[in-house]
Amino acid sequence: HLGVDFCGGLLIPLPDPTLIEFYGCTLATIMLVVSGSALFVNFIQPVAGIALAKKQIPYLLVLCPILAAFTSLIGLSDNYWIFVMLLIVSGAGVGLMHPEATMILHTLTDKRAGFATSIFMSAGFLGFSLGSLVGGWWAQNFELNYLWILFAIGIILAILVRIAGLHNVKHTLQKESVTRKGNIPFAAVMVTSMLIAINLVIIYRLLPIFYVRKFGKEFQFMAGSIPFYIGLAGACGSFIWGYLSDYRGCGLL
């Protein structure tokens with residue numbers, strides 16, 4: 001989870017000025033693709049979750065890190081449509097990984113599910129925020145040059161998943177969910193989550209751009225550090241949630 005979300009976080013500090021200058025586009029055009037790929041990641045997850053619940057695809061966890069790492073290849077061509085395709089492929093890898101990995105997580109951790117989920121969630125927060133930090137540093141020092149080196153992360157992750165045998169874990173879906181303890185309608189949880197997510201996306205996407213335009217592109221690394229600090233807070237929050245969820249119930253939280 002950390003490695004795959006790291007690949008997604010690389011893009012956060014890049015739109016202004018790196019991607020604008022590299023592709024010769026406006027900020028609106030760049031953000032349309034970046035935001036579109038983020039929507040695609042979230043759209044594909046419930047679709048994949050429904051499909052994977054019926055039929056497991058064993059090697060999906062091996063393939064997803066490689067697909068997610070396609071983000072690192074954006075500096076190899078200044079063709080705008082190749083940029084679009086690379087983000088779609090990367091988004092598919094990120095999106096497909098989450099439901100598959102979550103089901104395997106629940107299969108491996110039927111006890112202390114809240115704590116196990118908090119570790120899983122914190123890894124995503126840390127990976128995404130580390131990706132933003134590295135992306136800002138890379139852009140400030142090298143622009144998009146040699147970014148393709150980070151594709152090795154996807155290959156290494158795929159090998160580690162294969163060695164660990166995670167692709168051979170069989171799903172055992174639970175019939176009852178612990179969230180029912182709180183007697184909260186699903187729609188209420190969904191709306192609450194969406195409002196929080198919208199707020200976070202605005203902060204994640206716009207603050208680095210504002211920071212660069214306010215202080216100059218020599219501070220792009222600092223702009224990439226903004227999501228890093230937010231991600232650290234998110235990781236800490238997920239651990240606190242995991243502890244309280246196991247002992248107080250996640251419905252109350």
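What you see is a predicted model, and the numbers here were worked out from it, not measured in a lab. For this chain, numbers begin at 1 and follow the sequence in order.
Considering every non-hydrogen atom in both Val4 and Ala68, the closest pair reads CG1-CB, 3.9 Å. Here the shortest heavy-atom pairing between Leu105 and Ala116 reads CD1-O, 4.0 Å. In this structure, Tyr211 and Met222 approach most closely via the heavy-atom pair CE2-CB, 3.6 Å. Nearest heavy-atom pair across Leu96 and Cys64 is CB-SG, 3.7 Å. Considering all non-hydrogen atoms of both residues, Gly154 and Ile66 come closest at O-CG1, 3.7 Å.
Note on Ile226 and Val212: separate hydrophobic clusters, where clusters join Ile, Leu, Val, Met, Phe, Trp and Tyr whose side-chain heavy atoms are under 4.5 Å apart, directly or indirectly. By the criterion of side-chain heavy atoms lying less than 4.5 angstrom apart, applied directly or through intervening Ile, Leu, Val, Met, Phe, Trp or Tyr residues, Leu32 is not grouped with Phe40; the two fall into different hydrophobic clusters. Hydrophobic clustering places Val84 together with Leu147 (ILVMFWY residues linked when any side-chain heavy atoms are closer than 4.5 Å, directly or through intermediates).
Taking the six-membered ring where the residue is Trp, Trp137 and Phe142 present perpendicular rings, their angle passing 60° and hence far from 30°. In this pair, Phe83 and Tyr80 present their aromatic rings tilted. The plane angle is within the 30 to 60° band.
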>> The test is side-chain contact (heavy atoms from CB on, under 4.5 Å); show your working for Gln140 and Lys217 and say whether it passes.
In response: CA-CA 7 Å; Gln140 184 171 316; Lys217 63 181 182 180; over 6 Å; no
>> Using side-chain contact (heavy atoms from CB on, under 4.5 Å), reason through Arg162 and Tyr59 one step at a time and then give a plain yes or no.
In response: CA-CA 8 Å; Arg162 180 67 178 81; Tyr59 272 88; 3.3 Å; yes
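With a 4.5 Å cut-off between side-chain heavy atoms of Ile, Leu, Val, Met, Phe, Trp and Tyr, the cluster of Leu39 takes in none. Hydrophobic side-chain contacts under 4.5 Å tie Ile156 into a cluster, directly or through other members, with Leu160.
Rounding to the nearest 0.5 Å places OG of Ser77 at 8.0 Å from CG of Leu86. Rounding to the nearest 0.5 Å places CD of Glu100 at 12.5 Å from CD of Gln45. Expressed to the nearest 0.5 Å, how far OG of Ser225 lies from CD1 of Ile230 amounts to 9.5 Å. If you take CG on Leu87 and CD1 on Ile82, they are separated by 12.0 Å, rounding to the nearest 0.5 Å.
Each salt bridge (Lys or Arg N to Asp or Glu O under 4.0 Å) pair with one or both residues in residues 183-196, not counting sequence neighbours, would appear here, but there are none.
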Anything under 3.5 Å between a donor and an acceptor, one on a side chain of residues 8-28, the other on a protein residue two or more places apart or in another chain? List them.
unit_1, atom_1, unit_2, atom_2, d
Asp16, OD2, Arg213, NE, 2.4
Asp16, OD2, Arg213, NH2, 3.3
Thr18, OG1, Gln220, OE1, 3.4
Thr18, OG1, Gln220, NE2, 2.9
Tyr23, OH, Ile74, O, 2.8
Thr26, OG1, Thr29, N, 3.2
Thr26, OG1, Thr29, OG1, 2.8

Do any side-chain atoms of residues 124-133 form donor-acceptor pairs under 3.5 angstrom with protein atoms, and if so which ones, sequence neighbours left out?
unit_1, atom_1, unit_2, atom_2, d
Ser129, OG, Phe125, O, 2.8
Ser129, OG, Leu126, O, 3.0
Ser132, OG, Gly224, O, 2.8

Report, one line per pair, each donor and acceptor closer than 3.5 Å where one atom sits in a side chain of residues 184-209; sequence neighbours left out.
unit_1, atom_1, unit_2, atom_2, d
Thr192, OG1, Ala188, O, 2.8
Ser193, OG, Val189, O, 2.8

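Crowding of Glu143 atom CD: a count of heavy atoms from other residues, nucleotides or ligands under 6.0 Å not exceeding 12.
Taking the six-membered ring wherever Trp is involved, the centroid distance between the rings of Trp138 and Tyr146 does not fall below 6.0 Å.
No donor-acceptor pair under 3.5 Å is formed between the side chain of His1 and the backbone N or O of Ala123.
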